[in-house]
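First comes the structure, then the notes that go with it.
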Amino acid sequence: MTAFGPMIQPMKMHVAAATIALLDSEMIKPGEYECICTPAVTGMIVHEAFGHGVEMDMFVKDRALAKSYIGKYVASPLVTMHDGAAVAKQTGSYFFDDEGTMATDTVIIDKGILRQGICDRLSAEALHFTPTGNGRRESYERKAYTRMTNTYFEGGNATPEEMIASVKYGFLLEEPSSGMEDPKNWGIQCMV
């Protein structure tokens, strides 16, 4: 048994119970629904839709539709989104990126309006932006690419109970599984 053995057994039980519960689930009719998301689901959505979608090295290559939405509404006026290694003490935190640029707090969406993306030095120079401290390398042998750090939506004022009560018919999305992004068409696929 490995050191992870005690952690794996409860995880297996959770997966088995969830799988059995899903056997009785009904198909969802395709369409648009109002959804309330837990922080984990919201994190996956912000990562896939607006994290990858605003990595400005993709702007340089014309592989990100977000480039044409700078200064335009992309969300409700209730939405403000940040990315930055200096924003929070989380996994993506550091004092300076792999190119020596100081960590920042970049407001990507401000009250629903897409203000800017995140960039490394090279894409910043090509697009006439100030580097945001998002130049990251796999190792010293690799070039830096624009990549997210701590990406999140600011919290609102409503309680979960108030949000749920505001939805006539919709879904509570609780457990993210995986996600993929398509920055060129600004599409995402999230499994919840």
Side-chain angles (χ1 to χ4, degrees), residues 37-156 173-192:
C37 301
T38 62
V41 173
T42 302
M44 179 176 61
I45 292 169
V46 71
H47 175 91
E48 298 300 347
F50 292 104
H52 289 302
V54 298
E55 291 171 335
M56 293 173 74
D57 53 350
M58 295 295 112
F59 285 22
V60 173
K61 299 172 185 175
D62 285 325
R63 292 186 185 163
L65 189 58
K67 179 180 178 181
S68 62
Y69 283 86
I70 300 290
K72 298 178 182 175
Y73 275 98
V74 295
S76 158
L78 299 173
V79 174
T80 296
M81 182 189 130
H82 297 252
D83 179 274
V87 172
K89 293 179 181 171
Q90 295 293 328
T91 306
S93 299
Y94 46 74
F95 293 113
F96 51 88
D97 72 4
D98 293 334
E99 298 176 302
T101 303
M102 292 300 294
T104 62
D105 173 8
T106 304
V107 177
I108 296 171
I109 300 172
D110 185 23
K111 298 181 178 88
I113 298 173
L114 182 61
R115 295 294 179 195
Q116 74 172 71
I118 54 177
C119 55
D120 58 29
R121 284 181 184 252
L122 190 59
S123 56
E125 183 177 329
L127 297 166
H128 308 291
F129 271 81
T130 301
T132 59
N134 291 83
R136 302 185 74 184
R137 300 176 194 277
E138 179 184 340
S139 74
Y140 73 91
E141 298 175 311
R142 309 282 185 198
K143 77 179 272 309
Y145 289 94
T146 300
R147 292 299 173 260
M148 290 170 271
T149 57
N150 300 307
T151 306
Y152 68 95
F153 290 123
E154 284 185 7
L173 305 179
E174 296 181 285
E175 293 186 37
S177 173
S178 64
M180 289 188 324
E181 88 293 345
D182 171 15
K184 186 152 180 82
N185 299 298
W186 215 351
I188 63 169
Q189 175 181 318
C190 295
M191 302 292 288
V192 180

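We number each residue from 1, following the sequence as shown. Scope of the values below: all heavy atoms of this structure, side chains included, with no hydrogens, waters or symmetry mates.
Taking the side chain as every heavy atom from C-beta outward, L122 and V60 never approach each other to under 4.5 Å. Residues R63 and P183 are not in side-chain contact: their nearest non-hydrogen atoms beyond the backbone lie 4.5 Å or more apart.
Summarising the local packing, OH of Y94 is surrounded by more than 12 heavy atoms from other residues, nucleotides or ligands at distances under 6.0 Å. Counting heavy atoms of neighbouring residues, nucleotides and ligands inside a 6.0 Å radius, atom CZ of F129 exceeds 12 of them. Environment of NZ in K143: crowded, with over 12 heavy atoms of neighbouring residues, nucleotides or ligands closer than 6.0 Å. Around CD of E125, the count of heavy atoms belonging to other residues, nucleotides or ligands within 6.0 Å does not exceed 12.
At least one donor-acceptor pair under 3.5 Å links the side chain of R137 to the backbone N or O of R142. A distance-only check finds no donor-acceptor pair linking the side chain of D98 to the backbone of R136 [under 3.5 Å]. Remark: side-chain polar atoms of D120 are paired, donor with acceptor, to backbone N or O of S123 under 3.5 angstrom. N150 places a side-chain N or O within 3.5 Å of a backbone atom of G84 that can act as its donor or acceptor partner. Side chain of D97 to main chain of G135: a donor-acceptor pair is present (N/O by atom type, distance under 3.5 Å, no hydrogens or angles).
Once rounded to the nearest 0.5 Å, the distance linking NE2 of H47 with CG of D83 reads 10.5 Å. Of the inter-residue distances, the one linking I45 atom CD1 with C37 atom SG reads 4.0 Å to the nearest 0.5 angstrom. For the atom pair N134 CG and Y145 OH, the distance stands at 15.5 Å (nearest 0.5 Å). Interatomic distance, I188 CD1 to H52 NE2, rounded to the nearest 0.5 Å: 11.0 Å. For the atom pair CD of E55 and CD1 of I118, the computed distance is 5.0 Å after rounding to the nearest 0.5 Å. Once rounded to the nearest 0.5 Å, the distance linking CG of L114 with OH of Y69 reads 10.5 Å.
Taking each heavy atom of E175 and V41 in turn, the nearest pair found is N-CG2, 3.9 Å. Among all heavy-atom pairs drawn from G53 and W186, the shortest one is CA-NE1, 4.3 Å. Nearest heavy-atom pair, E174 versus V192, reported as atom, atom and distance to 0.1 Å: N-CG1, 4.0 Å. Nearest heavy atom pair, residue G117 against residue I70, reads N-CD1, 4.3 Å. Heavy-atom minimum distance, A103 versus A85: CB-CB, 3.6 Å. Closest non-hydrogen pair, T80 versus K111, comes out as OG1-N, 3.1 Å.
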**Request:** Mind running side-chain contact (heavy atoms from CB on, under 4.5 Å) on F59 and T146 for me, showing each step along the way?
**Result:** CA-CA 11 Å; F59 285 22; T146 300; over 6 Å; no

**Request:** Go through D57 and R147 one step at a time and tell me if the salt bridge (charged side-chain N to carboxylate O under 4.0 Å, His left out) criterion holds.
**Result:** CA-CA 9 Å; D57 53 350; R147 292 299 173 260; 3.2 Å; yes

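Each of T104, T149, D105 was checked for a side-chain hydrogen bond (donor to acceptor under 3.5 Å, both in side chains) with H82, and the lone residue meeting it is D105. Checking each of Q116, M56, M102 against T132 for a side-chain contact (heavy atoms from CB on, under 4.5 Å) leaves exactly one that passes, namely Q116.
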